[in-house]
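These values consider heavy atoms only, across backbone and side chains, with no hydrogens, waters or symmetry-generated copies.
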Amino acid sequence: MKTNNLLLVALGGLALASCGKSGPRKTPGGIEFIVPKEGKGDKLKEGDTIVVHFSSYLNDSLMMSSREQAPTGMPLVLQKTQNKYDLMDGFAMLTEGDSAVFLLPVDSMPQMPPMAKKGDVMKVAFVVETKYSSAKQNQKDEKEIAEYIKKNNLNTRKSPKGVYIAETVVGTGAQAKAGDEVSVNYTGKLLDGTKFDSNTDSTLRPGMPLEPLKFNVGEGRVIPGWDDALAQLKVGSKATIVIPSALAYGLNGSGPFIKPNSILVFDVELLDVKPAAAAPVAPAPSK
C-alpha cells in the first residue's frame, strides 16, 4: 500500500468541486458516490461496453491503479447488477466522460478488505474514458486499412469476414478447409511497422526454436482473422494479410505491443495442409 499525495490532492479537490455543483448521489442499492467531472457523452445503460480507468483507496492510501496495468484503459461490459457492491447500477447513472468516486464504508461490506479496520472507507474512483461502438471502430479501421494499402501499394482482395489479402506468390497446392491442419511461417507487425512476433526471426524469439506454426483451421485456436485468411490460400502461397481489430484482439489487445483496437499485419507463407482426420463411422445397428 502506498500514498500518492498528488492523486489524493486531485481527488479531494475534485470531490469538493462536485459537492459544490450537484452534491453526493446514491445508487439504487444505497452506495454513495460523487461525480467530480461530468462528461458530455451518451448516458450509459446495461449492455454498453465502456473503457475505464480506476483507482481504489483505503481512506487516504492508494491501493491499486489500473493505469499501471492498462495505460489505455480497461474494457467493462455493463450488466444487470447482482449485488450493490458490483456498482453496475451506479454506472447506469453515469454518462460517457464522467469521473465518479464511489464511497464504501468497510463496516457495511460483506467482507472487510485486507488491512482495513472498522470505520475505514474504501474509495473507488472511475474515469469513463469512452463508450465502445463496434460500428465506429469498424469505420475507423476501414479508413486506416485503406490508407495502409495505398501507402504500401498492396493489391488486395477481401475475405468473406473482412480480412484484406495481398498475395505476392500464388500457391498451386491444396487449399485448407475447416478442420484441416495448416503449417505456416509468419511475421506479425503493427501498421507502423513494429514487429511483435515471428517464427522466422530469431531476434524476436531469442533462445527459442524457429519452427512452423501448426493449427487446425476454423477451430478458434488462433485469432478469427487468421482462420478466415488462411482458408483463402493454397499451399505455396505467400501473402500479406491485414486484419481489422475486431478480427484480431479487439478491445482487449494482447501483451505490451498490441494495444486495444489494433489493426494487425502479417506476412505469411502457407507451407503445408493436412486433411482433417475422417470422422469415425458409426457402427451399423444390430438386428
### Val268 vs Trp226, side-chain contact (heavy atoms from CB on, under 4.5 Å): CA-CA, chis, key distance, verdict
CA-CA 10 Å; Val268 300; Trp226 261 63; 4.2 Å; yes

Measure from the side-chain N and O atoms of [X] to the backbone N and O of [Y], and report whether any donor-acceptor pair falls under 3.5 Å.
{"X": "Asn199", "Y": "Glu211", "result": "yes"}
{"X": "Lys161", "Y": "Lys158", "result": "no"}
{"X": "Asp180", "Y": "Ala276", "result": "yes"}

Run the side chain to side chain contact (heavy atoms under 4.5 Å, CB included) test against [X] and tell me which residues pass, sequence neighbours left out.
{"X": "Ser198", "value": "Thr187, Thr200, Asp201, Leu204"}
{"X": "Lys274", "value": "Glu181, Asp272"}
{"X": "Glu46", "value": "Lys80"}
{"X": "Glu147", "value": "Lys143"}

State, yes or no, whether a side-chain contact exists between [X] and [Y] at a heavy-atom distance under 4.5 Å.
{"X": "Gln79", "Y": "Val77", "answer": "yes"}
{"X": "Val121", "Y": "Leu104", "answer": "no"}
{"X": "Lys238", "Y": "Asn185", "answer": "no"}
{"X": "Lys189", "Y": "Val265", "answer": "yes"}
{"X": "Leu251", "Y": "Asn261", "answer": "yes"}
{"X": "Ile31", "Y": "Leu103", "answer": "no"}
{"X": "Phe102", "Y": "Thr27", "answer": "yes"}
{"X": "Ile243", "Y": "Ile263", "answer": "no"}

Tell me, yes or no, whether the heavy-atom count around [X] atom [atom1], taken from other residues, nucleotides or ligands under 6.0 Å, exceeds 12.
{"X": "Lys43", "atom1": "NZ", "result": "yes"}
{"X": "Asn83", "atom1": "CG", "result": "yes"}
{"X": "Lys84", "atom1": "NZ", "result": "yes"}
{"X": "Met112", "atom1": "CE", "result": "yes"}
{"X": "Met93", "atom1": "CE", "result": "yes"}
{"X": "Glu219", "atom1": "CD", "result": "yes"}

Atom pair [atom1] ([X]) and [atom2] ([Y]), whose distance is rounded to the nearest 0.5 Å:
{"X": "Tyr148", "Y": "Leu154", "atom1": "OH", "atom2": "CG", "answer": "6.0 Å"}
{"X": "Ser66", "Y": "Leu76", "atom1": "OG", "atom2": "CG", "answer": "11.0 Å"}
{"X": "Ile165", "Y": "Thr240", "atom1": "CD1", "atom2": "OG1", "answer": "11.0 Å"}

### Task
Could you list all the side-chain hydrogen bond (donor to acceptor under 3.5 Å, both in side chains) pairs where at least one residue sits in residues 102-114, not counting sequence neighbours?
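Listed once each, the pairs would be none.
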
Do you know the tightest heavy-atom contact between [X] and [Y]?
{"X": "Arg67", "Y": "Val127", "value": "NH2-CG2, 4.4 Å"}
{"X": "Arg157", "Y": "Gln232", "value": "NH2-O, 3.0 Å"}
{"X": "Val101", "Y": "Lys123", "value": "CG1-CB, 4.2 Å"}
{"X": "Leu44", "Y": "Glu96", "value": "CD2-N, 4.0 Å"}
{"X": "Gly119", "Y": "Val106", "value": "N-CG2, 4.4 Å"}
{"X": "Lys177", "Y": "Val217", "value": "O-CB, 3.9 Å"}

Is it true that [Y] and [X] share a donor-acceptor pair across their side chains at a distance under 3.5 Å?
{"X": "Asn216", "Y": "Arg221", "answer": "yes"}
{"X": "Ser237", "Y": "Glu167", "answer": "yes"}
{"X": "Tyr186", "Y": "Asp197", "answer": "yes"}
{"X": "Glu38", "Y": "Thr95", "answer": "no"}
{"X": "Asn138", "Y": "Glu142", "answer": "no"}

With hydrophobic residues grouped by side-chain heavy-atom distances under 4.5 Å, do [X] and [Y] end up in a single group?
{"X": "Val222", "Y": "Tyr164", "value": "no"}
{"X": "Met63", "Y": "Tyr85", "value": "yes"}
{"X": "Leu233", "Y": "Leu247", "value": "yes"}
{"X": "Val163", "Y": "Val182", "value": "yes"}
{"X": "Val124", "Y": "Met74", "value": "yes"}

### Task
Tell me, with the steps shown, if Val35 and Ser99 meet side-chain contact (heavy atoms from CB on, under 4.5 Å).
CA-CA 6 Å; Val35 181; Ser99 295; 5.8 Å; no

### Task
Run the numbers on Thr156 and Val242 for side-chain contact (heavy atoms from CB on, under 4.5 Å), then give the verdict.
CA-CA 9 Å; Thr156 64; Val242 186; 5.7 Å; no

#### Entry: Residues that Phe91 engages under ring pair (Phe, Tyr, Trp, His ring centres under 6.0 Å), provided they are two or more places apart
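Checked Phe91 against ring pair (Phe, Tyr, Trp, His ring centres under 6.0 Å); matches are Phe126.
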
### Task
For the pair Asp42 and Lys131, evaluate side-chain contact (heavy atoms from CB on, under 4.5 Å) and give the outcome as yes or no after the intermediate values.
CA-CA 8 Å; Asp42 295 335; Lys131 186 168 75 169; 3.5 Å; yes

### Message
Centre-to-centre under 6.0 Å for Phe196 and Phe266, is that the case here?
### Response
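Aromatic pair counts; centres sit under 6.0 Å.
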
